[in-house]
Amino acid sequence: MSMSVSGFGTGNSSYTGMNTGNKRYKVAEEAVLADVMAEEAMMSPEQKMMYELLGGREAHMKNMMRNYNSDGDYVGPGGIIVPGMHHGKDGSVDRSTWQQLINVSDDARQKMFNNVKREFIQENGISNGDTTKRSQIFREYQLSVKKEDRAKGTWTLQQYEGQYCSAMYAAVKAANPNWQPGQPFDSNIIDSVTRESVENQLVKSGNTFVKKTSAGSTLDVQV
């Protein structure tokens, strides 16, 4: 809920050097102003004086506004978040609005498949947050599509990513039932696993993909 703005400790507007009518200010106001006012109310007289000397609420709000672009999209410090990828404060936006399967380009899916295969071989089937390049692939994809498709497309690409990894795991286990993730394996085993061979076995089930069984029904393998 948007709140009216009053000057700190007065009741008169003190936002003399800031445009409070633009989208950047409006979303910052809705997101943080109530918390800012609560903090102000708890300040001691000495803290209030220092707060005003440092610019007071106007300076605080200007700092918060740096987290938003001119369209009111949350982009985080330094623009680290791609516009359209923020899911609300504490992830509170209804997940059903973005956890949806949509069409993702062959190019993006192939890049993700190639990365999964490279990392599966490199890390012997274990996900390694220190070496993965998946974030770059997701960001490149996000910037290649319109803003309203970015979150849904990223969700979809994540579902493909999980299925690619599951197929490689299954191939290695089929060749060596005693193999465990982290143990070396013959990388030639997964040469038969291609993006097309994996995707041809998938069907949609709600907001995920599941693998078809040999009988044509589906096996609920969520990732």
Side-chain angles (χ1 to χ4, degrees), residues 81-82 84-88 90-129 131-223:
I81 298 175
V82 175
M85 289 304 299
H86 180 60
H87 304 313
D90 301 323
S92 58
V93 169
D94 182 359
R95 294 188 176 205
S96 67
T97 64
W98 58 272
Q99 290 188 349
Q100 302 176 26
L101 297 178
I102 65 172
N103 290 331
V104 173
S105 69
D106 288 349
D107 180 64
R109 301 199 318 269
Q110 188 63 51
K111 286 180 179 178
M112 182 57 73
F113 177 86
N114 293 343
N115 186 68
V116 169
K117 183 175 181 178
R118 178 186 63 79
E119 293 184 354
F120 195 91
I121 295 172
Q122 176 179 300
E123 305 298 336
N124 291 319
I126 294 180
S127 298
N128 189 334
T131 62
T132 183
K133 304 296 183 182
R134 64 194 296 271
S135 294
Q136 293 93 311
I137 294 173
F138 281 124
R139 187 177 181 89
E140 180 182 338
Y141 166 74
Q142 291 158 7
L143 293 171
S144 73
V145 298
K146 56 187 180 181
K147 184 169 65 177
E148 54 266 35
D149 284 344
R150 288 171 180 168
K152 290 178 282 190
T154 299
W155 168 261
T156 304
L157 196 54
Q158 286 176 324
Q159 307 315 300
Y160 280 117
E161 178 188 29
Q163 292 290 350
Y164 300 150
C165 188
S166 294
M168 293 176 196
Y169 173 88
V172 178
K173 287 292 283 186
N176 179 7
N178 295 321
W179 176 80
Q180 294 297 324
Q183 297 176 345
F185 65 91
D186 181 357
S187 61
N188 292 325
I189 294 172
I190 61 174
D191 283 346
S192 62
V193 180
T194 65
R195 177 176 66 83
E196 292 80 5
S197 69
V198 176
E199 294 178 3
N200 287 340
Q201 295 299 312
L202 301 180
V203 293
K204 294 181 181 179
S205 177
N207 66 347
T208 63
F209 292 116
V210 296
K211 185 177 179 181
K212 290 184 285 188
T213 65
S214 57
S217 59
T218 59
L219 178 65
D220 193 358
V221 181
Q222 295 191 15
V223 294

Indicate the ring-plane relationship of Phe209 and Tyr160, choosing parallel, tilted or perpendicular according to the 30° and 60° boundaries. tilted

Correct closest heavy-atom pair for Val82 and Arg139 would be CG2-NH1, 3.5 Å

Quick one: closest heavy-atom pair of Ile189 and Ala175, and the distance? CD1-CB, 3.7 Å

Sequence neighbours left out, what passes ring-ring contact (aromatic ring centres under 6.0 Å, His included) with Tyr164? Give chain and number order. Phe113

Would you mind reporting whether Arg195 and Asp106 have side-chain heavy atoms less than 4.5 Å apart? yes

Using a strict 4.0 Å threshold on nitrogen-to-oxygen distance, state whether Glu119 and Arg134 make a salt bridge. no

Within a strict 4.5 Å, meaning less than it, do heavy atoms of the Phe138 and Met112 side chains meet? yes

Any chance CG of Asp94 has more than 12 other-residue heavy atoms, nucleotides or ligands included, within less than 6.0 Å? yes

Please list, chain by chain and in numerical order, all residues satisfying ring-ring contact (aromatic ring centres under 6.0 Å, His included) with Trp179, sequence neighbours excluded. Tyr169, Phe185

Side-chain donor/acceptor of Ser197 to backbone N/O of Val193, under 3.5 Å: no

Are side-chain heavy atoms of Asp191 and Lys117 found at a separation under 4.5 Å? yes

Work out which heavy atom in His87 is nearest to a heavy atom in Ala151; give both atom names and the distance. CE1-CB, 3.6 Å

Return yes when atom NZ of Lys133 has more than 12 non-hydrogen atoms of other residues, nucleotides or ligands closer than 6.0 Å, and no otherwise. no

Please round to the nearest 0.5 Å and tell me the distance separating atom NZ of Lys111 and atom CD of Gln136. 12.0 Å

Donor-acceptor contact below 3.5 Å, side chain Ser144 vs main chain Tyr141: yes

Any side-chain heavy atom of Asn103 within less than 4.5 Å of one from Thr156? no

Heavy-atom side-chain contact between Val145 and Arg150 under 4.5 Å: yes

With a sphere of 6.0 Å drawn around CZ of Arg118, does it hold more than 12 non-hydrogen atoms of other residues, nucleotides or ligands? yes

